[in-house]
Participant: 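Structure provided below as structure tokens; questions to follow.
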Number of protein chains: 2
Amino acid sequence: MPMRPTTKDLAKAAGVSLATVDRVLNGRTGVREKTVKAVNEAIERIGFERNQVAATLARQRGYRFVFALPRSGDEFLEEIVDRIREFDKAGRAEMIEADVIRIDDHDPHRAARTLSRLSPEDLDGIAIMAPETPQIRDALHRMRERGIRTIPFVANQQEEGEEGFVGIENRAAGATAGRLMGRFLGGRSGSIVALTETTQSRDSLERRLGFDRIINRDYPDLRILPTLETHGDPGRAQHVLRNALKAHDDVVGLYFMGAEARVPIEVARVLNATEGRVTIAHERTPSTENALKDGTVDAVIHQDPGHLVRSAVRILRAKCENRTTLASQERIRTEILIAENI
Amino acid sequence: MPMRPTTKDLAKAAGVSLATVDRVLNGRTGVREKTVKAVNEAIERIGFERNQVAATLARQRGYRFVFALPRSGDEFLEEIVDRIREFDKAGRAEMIEADVIRIDDHDPHRAARTLSRLSPEDLDGIAIMAPETPQIRDALHRMRERGIRTIPFVANQQEEGEEGFVGIENRAAGATAGRLMGRFLGGRSGSIVALTETTQSRDSLERRLGFDRIINRDYPDLRILPTLETHGDPGRAQHVLRNALKAHDDVVGLYFMGAEARVPIEVARVLNATEGRVTIAHERTPSTENALKDGTVDAVIHQDPGHLVRSAVRILRAKCENRTTLASQERIRTEILIAENI
DNA sequence: CATTTTTTGAGGTACGTACCTCATTTTTGT
DNA sequence: ACAAAAATGAGGTACGTACCTCAAAAAATG
């Protein structure tokens with residue numbers, strides 16, 4: 001068992017004292033540039049790696065991470081919340097806490113204010129799932145300046161400045177749905193109904209783009225109708241779906257693009273709309289799971305909430321410890337679920 | 001921040017000394033049943049949870065886990081090995097080591113001897129991927145008696161005694177392949193060629209069972225031919241595949257059940273066998289990935305090697321610390337890969 | 001009851017890092 | 001060259017647990 005070099009070894013190797021090593025390692029002030037470089041050089045030379053176990057123990061307060069999620073929640077969001085709670089429980093032994101705060105997704109100012117109130121005393125990092133508004137972007141920027149690590153979560157923030165996004169690429173997810181739709185239809189021709197809560201959300205937009213790309217390029221006999229919106233309202237959902245089916249007698253496929261597939265699924269059941277048609281939805285939830293099992297839905301495009309949560313924590317923690325993560329390991333997969341591999 | 005109770009608090013609550021708490025917590029001998037119960041009762045009462053961070057630090061030697069993998073390796077195995085190495089590197093900061101040893105899968109006695117040589121000094125736990133032979137089973141049993149935690153890895157060991165298996169359920173994986181085959185064929189009728197290295201392996205057997213179940217039940221127009229064996233030999237593979245295609249002019253699908261899809265894929269390319277047919281393989285590897293991209297293979301049934309490795313480590317570690325894991329979180333998913341979600 | 005055996009307590013050190021204080025040295029500005 | 005400021009060193013404590021020794025107490029044995 002090869003003894004790993006400790007801070008003591010590092011101090012000796014760099015020709016400085018333990019105190020200075022500590023200053024450099026933890027980015028404290030009052031160290032000459034020259035000394036910093038000497039220490040860093042020694043780190044490379046002897047291959048020093050901070051013992052995170054000892055470090056966490058020493059800095060009494062472990063890590064505390066917060067997930068900022070929209071208040072208005074769908075089923076999938078609930079799954080995520082459950083996973084966060086689960087992680088929090090399991091993480092206690094590792095001195096890692098994970099909490100949830102809800103932010104007003106309909107009121108960006110209020111949301112930004114909520115974020116502004118968070119201080120580095122309360123948390124070390126935050127994973128944020130929020131619409132991209134200037135207010136939110138600003139709030140995030142200020143948090144980072146206060147020393148809180150941030151990471152976009154599930155809903156992408158365009159901002160290229162910060163690396164590390166936890167979630168799937170929705171274009172690819174839409175393309176996956178498109179390919180399955182095309183293959184499951186096996187050469188049939190006709191129209192496809194695309195349904196979502198609101199076309200305003202970037203997720204839906206990108207999914208639709210990916211979906212379109214595949215269908216239009218590879219399945220010329222299929223035609224995708226303009227996206228229908230439910231606004232989360234079952235009544236409206238039923239209305240628009242019925243109208244669409246009435247207006248087009250050649251509908252062969254249904255694509256539910258939103259995260260809340262529950263409403264479309266229920267409505268489709270009532271209208272008996274999936275019979276003889278291929279139906280594809282997003283995100284595994286109790287609703288979509290049941291629908292897969294009873295055949296209402298043929299495939300579900302999914303991202304694993306447990307992976308989302310754990311990956312976010314790993315990345316945030318790495319940021320806190322100035323480590324890098326293996327991007328390959330943190331990539332969230334776009335999963336395909338059918339009745340057989342649920 | 002609610003202070004978590006420490007061993008000191010526990011000692012006070014149980015009315016015993018720190019030394020006794022230590023004895024109970026670490027399962028040492030020389031403690032009266034009555035005392036043990038008193039301590040355990042106090043643990044429940046005050047909600048004591050061992051601080052694993054401090055514990056790992058204190059027991060100098062962190063954890064050392066070994067993956068015992070068959071020597072004769074396919075591409076998928078190489079992926080797994082890469083993930084283990086990756087984990088080992090990343091795990092050093094957490095004081096967790098992960099190593100690989102290769103065992104002779106063709107010589108159970110030699111394999112068993114290799115395992116017998118491992119002592120608790122060398123490792124804390126082992127994840128084993130090996131055929132189920134009495135010799136191996138015995139060796140595992142003896143290891144457990146020596147205090148080494150064991151867990152079957154990817155290849156299931158029937159043995160119901162030990163819980164925790166890391167890998168997918170191959171019946172379900174086969175069923176998934178079957179469903180995709182049926183749907184992708186979209187009502188066409190004909191024969192399906194099933195190919196594997198050897199029908200002796202339980203993995204292949206179970207996959208075939210799952211595959212058959214779906215096809216026979218739901219796709220009466222499809223007929224699965226007797227399983228062909230390659231024994232890993234390209235020449236033989238080409239021979240049996242060509243013969244099958246010659247004997248049956250109605251082959252509409254190919255199912256590569258083994259973990260080494262490289263050979264069948266290459267052979268199929270040479271014979272131009274996939275053109276106009278649906279082809280499904282197992283495990284994502286460079287070969288299957290390329291085949292997906294260029295259309296040689298239509299879908300790949302997969303289990304993520306990174307997840308496999310991390311899950312095995314989590315479970316082994318939990319066993320070492322007498323903790324339980326959330327089975328739901330440790331279940332390895334049977335993934336479906338197509339060109340769009342690779 | 002005396003003696004052996006078992007059980008328990010008291011106290012210590014160690015793990016590797018964080019974080020603190022204070023003295024001392026080195027550098028900077030004038 | 002001098003004072004002021006900045007940089008560094010020396011030494012300490014703490015985190016919560018593991019693991020060790022030795023003495024003392026309690027229980028079991030005859």
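In what follows, every heavy atom counts, from backbone to side chain, and hydrogens, waters and symmetry copies are set aside.
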Participant: So if I take every side-chain heavy atom of A/Ala55 and compare against D/dT17, D/dA7, C/dA18, which nucleotide ends up nearest?
Facilitator: C/dA18
Participant: Taking side chain to side chain donor-acceptor pair (under 3.5 Å) as the test, write out the residues that go with B/Arg149, two or more places apart.
Facilitator: none
Participant: Should the pair B/Glu86-B/Lys89 be classified as a salt bridge under the 4.0 Å nitrogen-to-oxygen rule?
Facilitator: no
Participant: Going by the rule ring-ring contact (aromatic ring centres under 6.0 Å, His included), which residues pair with B/Phe76 if we only count those two or more places apart in sequence or in a different chain?
Facilitator: none
Participant: Sugar-phosphate atoms are those with a prime plus P, OP1 and OP2; base atoms are the rest. Using that split, label each nucleotide of nucleotides 19-30 of chain D B, S or - for protein heavy atoms under 4.0 Å, 5' to 3'.
Facilitator: B-------S---
Participant: Whole angstrom is fine here: how far is it from CG in B/Leu57 over to C1' in C/dT13?
Facilitator: 13 Å
Participant: Can you tell me if B/Thr7 touches the phosphate of D/dT17, counting only side-chain N or O atoms and a distance under 4.0 Å to OP1 or OP2?
Facilitator: yes
Participant: Quick one: bend of the helix from C/dC1-D/dG30 to C/dT30-D/dA1 from 5 pairs per end, to 10°?
Facilitator: 10°
Participant: Does A/Gly62 reach a base, just sugar-phosphate, or nothing at all? Heavy atoms under 4.0 Å.
Facilitator: nothing
Participant: Sort and list the pairs that fulfil salt bridge (charged side-chain N to carboxylate O under 4.0 Å, His left out) and have at least one residue in residues 15-28 of chain B, not counting sequence neighbours.
Facilitator: B/Asp22-B/Arg28
Participant: Suppose we screen for side chain to side chain donor-acceptor pair (under 3.5 Å). Which residues come up paired with B/Thr334, at least two apart in sequence or across chains?
Facilitator: none
Participant: Please work out which residues in residues 40-49 of chain A have a non-hydrogen atom less than 4.0 Å from an atom of DNA chain D and list them by number.
Facilitator: none
Participant: Return the set of residues passing side chain to side chain donor-acceptor pair (under 3.5 Å) with B/Arg71 (not counting sequence neighbours), or none when no residue passes.
Facilitator: none
Participant: Rounded to whole Å, please give me the gap between CG in B/Asp124 and P in D/dA18.
Facilitator: 14 Å
Participant: Counting only N and O atoms by type, is there a donor-acceptor contact under 3.5 Å from the side chain of A/Asp124 to the main-chain atoms of A/Phe65?
Facilitator: no
Participant: Sequence neighbours excluded, which residues qualify as ring-ring contact (aromatic ring centres under 6.0 Å, His included) partners of B/His302?
Facilitator: none
Participant: According to a strict under-4.0 Å criterion, is A/Ser17 in side-chain N/O contact with OP1 or OP2 of D/dA10?
Facilitator: no
Participant: Just jot down the side chain to side chain donor-acceptor pair (under 3.5 Å) partners of A/Asp104, sequence neighbours excluded, or say none.
Facilitator: A/Arg110
Participant: What integer distance in Å separates B/Gln52:CD from D/dA18:P?
Facilitator: 8 Å
Participant: To the nearest Å, how far apart are B/Asn322 CG and D/dT17 P?
Facilitator: 15 Å
Participant: Cut-off 3.5 Å, no hydrogens considered: what does the side-chain donor-acceptor table look like for residues 35-50 of chain B, sequence neighbours left out?
Facilitator:
from: B/Asn40; atom 1: ND2; to: B/Val36; atom 2: O; distance (Å): 3.3
from: B/Glu41; atom 1: OE2; to: B/Arg45; atom 2: NE; distance (Å): 3.2
from: B/Arg45; atom 1: NH2; to: B/Ala13; atom 2: O; distance (Å): 3.1
from: B/Arg50; atom 1: NH1; to: B/Asn26; atom 2: OD1; distance (Å): 3.1
from: B/Arg50; atom 1: NH2; to: B/Leu25; atom 2: O; distance (Å): 3.1

Participant: Nearest whole angstrom, please: distance from the P of C/dT27 to the CD of A/Glu33.
Facilitator: 16 Å
Participant: Among the candidates C/dT8, D/dT17, C/dC15, find the nucleotide nearest to the side-chain atoms of B/Gln60.
Facilitator: C/dC15
Participant: Starting at atom CD of B/Glu94, determine the distance to atom C1' of C/dG16, rounded to an integer number of angstrom.
Facilitator: 14 Å
Participant: Which part of the nucleic acid, if any, lies within reach of A/Val16 when heavy atoms closer than 4.0 Å are counted: base, sugar-phosphate only, or nothing?
Facilitator: sugar-phosphate
Participant: What is the distance, rounded to the nearest whole Å, between atom CG of A/Leu18 and atom P of C/dT21?
Facilitator: 18 Å
Participant: Atom CG of A/Leu25 and atom C1' of C/dA18: how far apart are they, to the nearest Å?
Facilitator: 10 Å
Participant: Got a salt bridge between A/Glu330 and A/Arg314, using NZ or NE/NH1/NH2 to carboxylate O under 4.0 Å?
Facilitator: yes
Participant: With sequence neighbours left out, what residues match B/Ala111 under side-chain contact (heavy atoms from CB on, under 4.5 Å)?
Facilitator: B/Ile103, B/Ile136
Participant: Specify the residue among B/Val21 and B/Met95 whose closest nucleotide of DNA chain C lies further upstream toward the 5′ end.
Facilitator: B/Val21
